[in-house]
Protein chains: 2
Amino acid sequence: MAEVGYVPNLVAGGLAATRTRIVAAIVPYIQHGVFADAVQGLTDGLRQAGYCVLLGSSGGVAKEEETIIRTLLGHRPAGLVIQGANHTDATRALLVKANIPIVEMGTLTDTPVDMCVGYSNREAACGAVGHMIATGCRRIGLVVAPIASNDRHSQRLMGYVDALERVGITHDSSLVATARGFNFNDGCTAVASLLDRHPDLDGLFCASDIWAMSALAECRKRGIQVPAELSVCGFNDQEFSSELSPPLTTVRVPRLEIGAHAAELIIARLSNQPIAARKTDVGFELVLRESTLPAS
Amino acid sequence: MAEVGYVPNLVAGGLAATRTRIVAAIVPYIQHGVFADAVQGLTDGLRQAGYCVLLGSSGGVAKEEETIIRTLLGHRPAGLVIQGANHTDATRALLVKANIPIVEMGTLTDTPVDMCVGYSNREAACGAVGHMIATGCRRIGLVVAPIASNDRHSQRLMGYVDALERVGITHDSSLVATARGFNFNDGCTAVASLLDRHPDLDGLFCASDIWAMSALAECRKRGIQVPAELSVCGFNDQEFSSELSPPLTTVRVPRLEIGAHAAELIIARLSNQPIAARKTDVGFELVLRESTLPAS
DNA sequence: CTGTTAGCGCTTTCAA
DNA sequence: TTGAAAGCGCTAACAG
């Protein structure tokens, strides 16, 4: 049969069985290394169990996310994986109503739609900023994504504030710059405005390595010594981060593993196996390199 | 209707209409920035026309690719997009028989299964190596992917040979190192073996920026000055490439645009619009930075 | 255990 | 123009 080149019609099969072998995945940007890694882990994990990934990219816009989810759900996926945990009410309702296994990735929440696998963005950011404080930084800037539309980055902002308050530094919101997107140039714009407004900064926490890369470039341009004059810390430990000049201090998160674990959770649910926990903490690790001062 | 939270069953719709609004996409690695960019362009372009992307990752293995394509084709996609143009005979037969619009990305071939959009890997590599030769390099190493399974990289190898022969240098195959995968460490291994065997190299062309990043790291480790002692050139112009130390000379290719154009082609076909050409050359650009000697 | 039949939820066609 | 009916190609449930 296979010799004749027969390819079974999975659409008909899906209709008949009222369940497909498709899992929907929604990420803000496929291009972003962090999400790409998670999708890779997810795809590989699912493939072994015979599932395909139906991919959607929201651009980080909640309303877009809703539209995409509606479409993807129309294809009656057996499960759904999504980045983050802050969705519109309509989205949440849609997800609940779909009545399929759902994994929210990259964050931890006590109220997942169904399951979540990630790490504490707040604690990770607090740890990173805490390290900068421990090495003597007192005036620390922050570059984040628009916090209204990005729960992980709003958590990182909270972690930043936590670390400051812990040592009695009051949070100055003018030290926070919002980057428009996850591109090098978006980071440059944000960092430049921060550096213009606050020449007295002695630390800069960039909630994405790509912006830390922008920061290093901007500092080079302005003749600011890193870390002597300004400590720079990133987030994600992307592959290039150790190769920047200076090598970047950052927070390492198990990106591929997050996707792989999401796949396991979905598959387990689909085969009626028990789930260890609705919430899986994959942890994080502070990677100390040369863009921050050494701990004394 | 939408207020009640009704989500139309696209599976039933697909069966009834005998055509879905799904386009299959197969790339070697989702993680690799180049493919992620192409998939992003594709996804965004298709979404506007109401199509979703069903994603597959082959790991660069031809046999895997075949299996994945068979599965994806089972979902009766309206079109299919795939990286590269060297497929197994069975794969080609499968694609032809599917009788849907197909775009092969990232390469140019005179015998596409249906359509292709990309650039000449051979000419691009020839241009890059030609530049190194023009700046005085005579003993140039090459780092590529396994050429048997990667048509784009085998084209780059040909371009490398072209450039050498043009100035009368005979190709020495011991100067070619194969990197196992597209990771920093894979590049380190390949570069290290090359540097060990050939301490007299004065140039190194890495067919992927990630390996050029490895090369810069390896040179730093060994105290080799770049470009004074060894010129290094990459391929792809990834976002980090300008931020390495020294900034990397590389070949820029319109990654996002390739995906976006593939989307346009598929959509045009699906709406019975005429296609300008089966073969679209999106070109490339040599980006000269500091990891190669200045042209004198 | 094998063979048959009734749908799955839509689109499309054809009749009213 | 609107409405009814016939499938799309499978799976699952049932009867033999």
Side-chain angles (χ1 to χ4, degrees), chain A residues 1-24 46-56 66-80 90-91 93-102 266-273, chain B residues 1-24 46-56 66-80 90-91 93-102 266-273:
Chain A
M1 281 276 166
E3 262 72 284
V4 212
Y6 168 68
V7 179
N9 188 330
L10 268 24
V11 181
L15 216 214
T18 58
R19 60 197 168 74
T20 62
R21 290 184 88 71
I22 285 178
V23 170
L46 289 174
R47 226 181 75 64
Q48 293 178 32
Y51 289 89
C52 286
V53 169
L54 191 63
L55 190 65
E66 189 182 318
T67 315
I68 293 169
I69 288 179
R70 193 178 293 275
T71 308
L72 296 190
L73 247 25
H75 287 102
R76 295 296 183 270
L80 184 145
T91 299
L94 225 44
L95 293 178
V96 169
K97 208 170 173 197
N99 195 34
I100 54 175
I102 290 173
I266 295 278
I267 293 166
R269 258 299 168 66
L270 254 19
S271 47
N272 296 311
Q273 284 161 33
Chain B
M1 282 278 165
E3 262 72 284
V4 212
Y6 168 70
V7 178
N9 188 330
L10 267 24
V11 181
L15 217 215
T18 58
R19 56 196 171 75
T20 61
R21 290 184 89 71
I22 284 178
V23 170
L46 289 174
R47 227 182 73 64
Q48 294 178 31
Y51 288 88
C52 286
V53 169
L54 191 63
L55 189 64
E66 190 182 319
T67 315
I68 293 169
I69 288 178
R70 195 178 292 276
T71 308
L72 296 189
L73 246 26
H75 287 103
R76 296 296 184 271
L80 185 146
T91 299
L94 225 45
L95 293 178
V96 170
K97 207 170 173 196
N99 196 30
I100 53 175
I102 289 173
I266 296 279
I267 293 166
R269 257 301 166 67
L270 255 18
S271 46
N272 296 314
Q273 283 162 32

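Here is how names work: the chains are called A, B, and so on, in the same order as the sequence lines, proteins then strands, and each is numbered from 1.
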Report the residue from B:Leu46, B:Val53, B:Leu10, B:Leu54 that forms a side-chain contact (heavy atoms from CB on, under 4.5 Å) with B:Ile22.
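That would be B:Leu54; it is the only one of B:Leu46, B:Val53, B:Leu10, B:Leu54 passing the side-chain contact (heavy atoms from CB on, under 4.5 Å) with B:Ile22.
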First and last nucleotide of DNA chain C, 5' to 3', lying under 4.0 Å from heavy atoms of chain B:
C:dG9 to C:dT12
Taking five pairs at each end, how big is the angle between the two axes of the helix from C:dC1-D:dG16 to C:dA16-D:dT1, to 10°?
50°
Residue of the set B:Val23, B:Leu95, B:Leu94 for which side-chain contact (heavy atoms from CB on, under 4.5 Å) holds with B:Leu80:
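Result: among B:Val23, B:Leu95, B:Leu94, B:Leu95 is the only option passing the side-chain contact (heavy atoms from CB on, under 4.5 Å) with B:Leu80.
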Over all atoms of both residues, closest heavy-atom pair of A:Ala24 and A:Pro77:
N-CB, 3.7 Å
Hey, could you give me the CZ/CD1 distance between A:Arg76 and A:Ile100, rounded to the nearest 0.5 Å?
9.5 Å
Nearest heavy-atom neighbours spanning B:Ile267 and B:Ala49:
CD1-CB, 3.5 Å
What is the minimum heavy-atom distance between B:Arg70 and A:Val7, and which atoms define it?
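Of all heavy-atom pairs spanning B:Arg70 and A:Val7, the closest is O-CG1, 3.6 Å.
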Taking A:Thr18 for the side chain and A:Gly14 for the main chain, is one N or O donor matched with an acceptor at less than 3.5 Å?
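No, the answer is negative, given that no donor and acceptor are paired below the 3.5 Å cut-off.
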Non-hydrogen atoms of B:Thr71 and A:Cys52 that approach each other most closely:
CG2-SG, 3.7 Å
Can you tell me how far the CD1 atom of A:Ile266 sits from the CD1 atom of A:Ile102, to the nearest 0.5 Å?
8.0 Å
Return a single string for nucleotides 4-10 of chain D, one symbol per nucleotide in 5' to 3' order, where B is base contact, S is sugar-phosphate-only contact and - is none, cutoff 4.0 angstrom on heavy atoms.
---BBBB
Considering all heavy atoms, the nearest A:Val11-B:His75 contact:
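Residues A:Val11 and B:His75, closest heavy atoms: CG2-O, 3.3 Å.
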